[in-house]
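What follows is a short report on a single structure.
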Amino acid sequence: PIVSFSGLPSVYCANDPALTLTGSPAGGTFSGPGITGNTFNPAVAGTGGLYIITYTYTDPVTGCSNTSTNSITISCAEALVFDGVNDNVALPNSLAVTATDPTNTAITIEYWFKGSNVHSAVRLQDDNGYIVAGRSSLGQPIHIISTDNGINGIGINPIVNNGNWHHVAMTWEKNTINGFKSYVDGQLYTQRNSANANLPLISSGANLGSYRSVGEFMNGQLDEVRIWNRALCQEEIQSRMNCEIPGAEAGLLANYHFNHGVAGSINAGINSLSDASTNNYNGTLNNFALSGTVSNWVAPGAVVSGVSCSGIIAAQEINVQGNGLTIADNNTFINIIDYTDFGTVIAGGTRTRTFIIQNTGTASLAISGITMAGINQSMFTVGSLTPASPIAAGNSATFTVTFSATSTGVKTATVVIGNNDCNESVYDFAVEALSECPAVSFTGLAVTYCSNAPSVTLTGNPIGGTFSGPGIT
């Protein structure tokens with residue numbers, strides 16, 4: 001019999017849905033890479049080819065057998081072109097809710113962009129507020145957060161709009177010196193202090209390339225969009241900007257590779273953007289033509305598909321404790337329980353507190369110095385670090401701070417720890433002590449006494465003071 005089958009394109013992407021094949025005459029069997037029954041699974045076949053798929057049919061009456069073969073290459077596009085007219089990708093509302101949860105005190109948004117207008121590249125916005133990583137303002141691209149000075153955000157290097165691929169990153173950490181930073185191609189472009197305010201609570205309106213899928217559309221291409229609930233440091237950004245993070249990692253909320261469809265081909269139906277973070281924040285393509293080289297999946301992207309980052313980047317992570325309790329970086333809340341409050345010390349006396357520096361990271365933590373700062377810094381003395389720097393991953397060291405009550409009153413200072421943690425290189429916290437004059441008393445003096453009686457000896461406490469008054473010698 002004449003045998004044929006349909007349903008197998010010549011090129012297909014490994015990340016796209018499995019294909020159902022139809023053989024003629026019916027009743028035969030399929031064989032080849034990625035075949036199960038009459039289904040071809042491109043992910044099982046894997047990137048590459050040519051792969052030969054065979055359909056074999058045997059006539060049950062005559063016993064005559066024949067085959068039909070077709071070939072397929074598994075090759076994915078690597079980026080997505082937005083036409084600047086109405087193309088956009090809607091992300092789940094749940095991503096916006098998670099990213100702006102009140103417990104999150106930091107965020108990083110990073111992506112590769114190629115085009116003429118980075119406006120609305122990554123945008124979380126509803127009626128309550130906004131976080132926009134890429135916005136045009138009088139010709140200057142910026143990042144903006146509604147709870148941190150609103151539309152007066154932080155600048156992006158204008159070269160991002162020159163039509164070449166550029167890596168863009170925005171990092172923000174609440175109430176931090178230089179806590180709002182803008183990077184382009186791994187280099188710090190500008191930074192400023194961040195506000196002592198939470199991220200806006202956003203429950204909808206998460207988009208790539210537009211404002212809520214209805215306007216302010218981006219013109220250009222995107223690749224490797226990532227959203228984190230922590231502030232990455234420069235070394236982390238640089239080490240992973242040119243590769244794909246294959247799956248989950250601490251703090252990584254959403255991770256889009258854009259490896260879908262066949263570059264510049266007819267990709268009708270390939271309208272989902274997969275989240276590789278395992279959190280399933282998959283996006284939905286809106287208004288894309290999905291054919292040709294505009295408004296479609298394309299290649300090459302900024303990052304070559306399949307080039308994975310080699311594991312978790314080794315990094316130091318400093319944490320400080322007093323009395324077994326963590327003292328946060330930039331902490332100004334004084335508490336007797338965590339030893340930041342030295343309590344009351346009698347003038348002339350001293351009190352010593354012991355603090356622990358922990359390295360909870362995966363690389364050696366170098367301590368460059370521990371010093372005191374502030375109005376009364378001279379009354380607080382730092383002891384040596386034991387054991388000495390560096391502190392190995394998973395280990396800790398201790399140091400002391402001694403308060404000497406050389407004058408009375410409330411005394412304040414700041415402990416400053418210089419180190420090589422890339423996003424907490426100056427770890428500091430406030431300390432306080434109250435110095436008071438000692439309680440004074442004396443004994444040996446009766447309430448009444450006869451003028452003819454012998455003299456009496458008085459004893460002061462503390463000793464070393466002086467007596468005064470009638471009859472005192």
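Since this is a predicted model, take the numbers as computed values, not measurements.
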Side-chain H-bond candidate by donor/acceptor type, [X] with [Y], under 3.5 Å:
X: N296; Y: N267; result: yes
X: N319; Y: T326; result: yes
X: T414; Y: D428; result: no
X: N161; Y: S116; result: no
X: S213; Y: N207; result: yes
X: H166; Y: D185; result: yes
X: E244; Y: N259; result: yes
X: N93; Y: S203; result: no
X: N164; Y: K114; result: no

Do [X] and [Y] touch side chain to side chain, with heavy atoms closer than 4.5 Å?
X: Y57; Y: P60; result: yes
X: V426; Y: I417; result: no
X: S194; Y: D148; result: yes
X: P1; Y: C64; result: yes
X: F180; Y: N149; result: no
X: F355; Y: T400; result: no
X: Q358; Y: V320; result: no

- Task: Measure from NZ or CZ of R353 to the centre of the six-membered ring of Y339 and say whether it is under 6.0 Å with the direction within 45° of the ring axis.
- Result: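 Judged by the rule, R353 and Y339 form a cation-pi pair.
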- So F40 and Y12, ring-ring contact (aromatic ring centres under 6.0 Å, His included) or not? Walk me through it. CA-CA 11 Å; F40 173 75; Y12 202 61; 7.3 Å; no
Which pair of heavy atoms, one from [X] and one from [Y], lies closest together, and at what distance?
X: T108; Y: R230; value: OG1-O, 2.7 Å
X: C309; Y: P246; value: O-CD, 4.3 Å
X: A77; Y: V262; value: CB-C, 4.3 Å

I'd like to know if the side chain of [X] reaches the main chain of [Y], judged simply by a donor and an acceptor atom lying under 3.5 Å from each other, with no hydrogens or angles considered.
X: D338; Y: G322; result: no
X: E317; Y: D421; result: no
X: S68; Y: Y55; result: no
X: E236; Y: C233; result: yes
X: H260; Y: S274; result: yes
X: Y256; Y: Y281; result: yes

- Message: Applying salt bridge (Lys or Arg N to Asp or Glu O under 4.0 Å) as the test, list every pair that has at least one member in residues 84-112; sequence neighbours left out.
- Response: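 Residue pairs passing salt bridge (Lys or Arg N to Asp or Glu O under 4.0 Å), neighbours aside: E110-R226.
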- Aromatic plane relationship, F30 with F5 - under 30° parallel, 30 to 60° tilted, over 60° perpendicular: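 Ring orientation, 0 to 90° scale: perpendicular.
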- Query: Is it true that K181 and E173 make a salt bridge, defined as a side-chain N closer than 4.0 Å to a carboxylate O?
  - Reply: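 Judged by the 4.0 Å cut-off on N to carboxylate O distance, K181 and E173 do not form a salt bridge.
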- Query: Hey, is CG on L201 packed in by over 12 heavy atoms from elsewhere, all under 6.0 Å?
  - Reply: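 Yes, the 6.0 Å shell around CG holds more than 12 heavy atoms from other groups.
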